[in-house]
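Here's the structure we're looking at; comments come further down.
Every number for a ligand or one of its atoms is a count from 1 in the order of the listing.
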Amino acid sequence: MWDGPPGIEPPASRLRRAVTGAGVACADLIVPPCCLSCRARTVAHGALCPACWSNVQFIRTPVCDVLGIPLPFEVGERTVSAAAVAQPPAYERARAVAHFNGEMRALVHKFKYGDRQDLRSLFGRWLRDAGRDLLADTDVIVPVPLSRWRLLWRQFNQAAVLSRELSRQTGIPMDPLALKRTRATKSQVGMKRDQRRRNVAGAFELAKAGRKRLAGKNVMLVDDVITTGATVEACARVLKRAGVARVNVLALAMVTSEVLATA
Ligand SMILES: [Zn+2]
């Protein structure tokens, strides 16, 4: 601990700051910009090369206004899929950046299991873009929580990291502590839709203080991947029951086929 005169920065800290500053200034000279996925040379830092970029299958309009799933054609101004009409979700609208396949799947795995925090900024920009309409009237960003043991094992909650980055880029506050897991749920890899729904039923709660903070607000729930929607549905139910005005959902990727991937 530095115990020098008050108001004077410790020498080690000054040195670190000088080195970091110089490092940023020289970053382009020392480390030429390279693709965040394959490390091929690119024109700018924090981006993908054209080959990797073209392998991300972005979700573009027309999409179901409720579920955010791509539709073959647009019917009117607000198109709602048959699936959303048959089984309306507890949340208002969901959007995802891309399909959970190809390069997006590889990037999500690098981020989740490979501790690739350098992907945050790109993911934040993508989320901001995909959720543009929904973010316009969002009061607070809330990440889907991880159970405590999984947090210990993985060291970070990827949904919270994405939420923090989105909050930083948009200026919308985030509330990472409002929503909690009440119990650990089994890993959902390989589970079918019904199994996933049972697995997460009653697994979330809104802390008393969180209830006060979020009542009457428009919440943006953030997760990395929407697989069947069971997790965000369970979270949205809890938020709605606690008096949240509106719940929208934003994710990096969405499983859009019936085949459940290893999310
Ligand atoms: Zn690349």
Side-chain angles (χ1 to χ4, degrees), residues 19-63 68-71 94-135 141 143-144 146 153-170 187-190 220 222-227 232 249-263:
V19 170
T20 314
V24 170
C26 298
D28 279 9
L29 298 174
I30 299 167
V31 186
C34 62
C35 171
L36 282 172
S37 187
C38 73
R39 301 288 175 205
R41 287 287 293 271
T42 49
V43 286
H45 283 288
L48 295 181
C49 71
C52 289
W53 179 272
S54 64
N55 209 10
V56 177
Q57 200 184 344
F58 290 99
I59 295 175
R60 303 194 192 281
T61 52
V63 296
I69 53 174
L71 296 172
R95 294 292 181 270
V97 173
H99 296 257
F100 188 56
N101 60 17
E103 189 56 45
M104 183 53 114
R105 188 179 170 139
L107 287 169
V108 167
H109 278 250
K110 279 175 185 152
F111 177 59
K112 214 161 156 176
Y113 306 111
D115 197 18
R116 287 286 308 278
Q117 298 298 310
D118 55 332
L119 291 163
R120 272 182 312 181
S121 172
L122 176 71
F123 285 168
R125 293 200 301 272
W126 279 351
L127 286 172
R128 208 179 54 191
D129 210 40
R132 194 170 298 278
D133 294 348
L134 281 55
L135 286 163
I141 298 167
V144 168
L146 268 191
W153 178 69
R154 202 183 283 162
Q155 305 280 305
F156 72 99
N157 173 7
Q158 67 282 0
V161 174
L162 293 172
S163 298
R164 194 167 301 119
E165 182 61 26
L166 188 62
S167 169
R168 194 185 66 78
Q169 292 192 19
T170 58
S187 163
Q188 308 219 93
V189 174
M220 178 70 88
V222 170
D223 207 356
D224 56 346
V225 182
I226 298 172
T227 308
V232 287
V249 176
L250 187 56
L252 271 183
M254 191 184 265
V255 175
T256 44
S257 71
E258 279 305 303
V259 183
L260 293 187
T262 52

Practice problem: Kindly compute the distance separating CG (Leu252) from NZ (Lys112), expressed to the nearest 0.5 Å. | Solution: 10.0 Å
Quiz item: Out of curiosity, Trp126 CH2 to Leu162 CG, how far, rounded to the nearest 0.5 Å?
Solution: 11.5 Å
Quiz item: Are side-chain heavy atoms of Leu36 and Arg116 found at a separation under 4.5 Å?
Solution: yes
Quiz item: Can you tell which of Met104, Glu103, His99 makes a side-chain contact (heavy atoms from CB on, under 4.5 Å) with Gln57?
Solution: His99
Self-check item: Over all atoms of both residues, closest heavy-atom pair of Arg95 and Gly68
Solution: NH1-CA, 3.7 Å
Quiz item: Shortest non-hydrogen contact from Leu166 to Arg128?
Solution: CD1-N, 3.8 Å
Practice problem: Taking 2.8 Å as the upper limit, name the protein N, O or S atoms near the Zn ion (ligand 1). | Solution: Cys35 SG, Cys38 SG, Cys49 SG, Cys52 SG
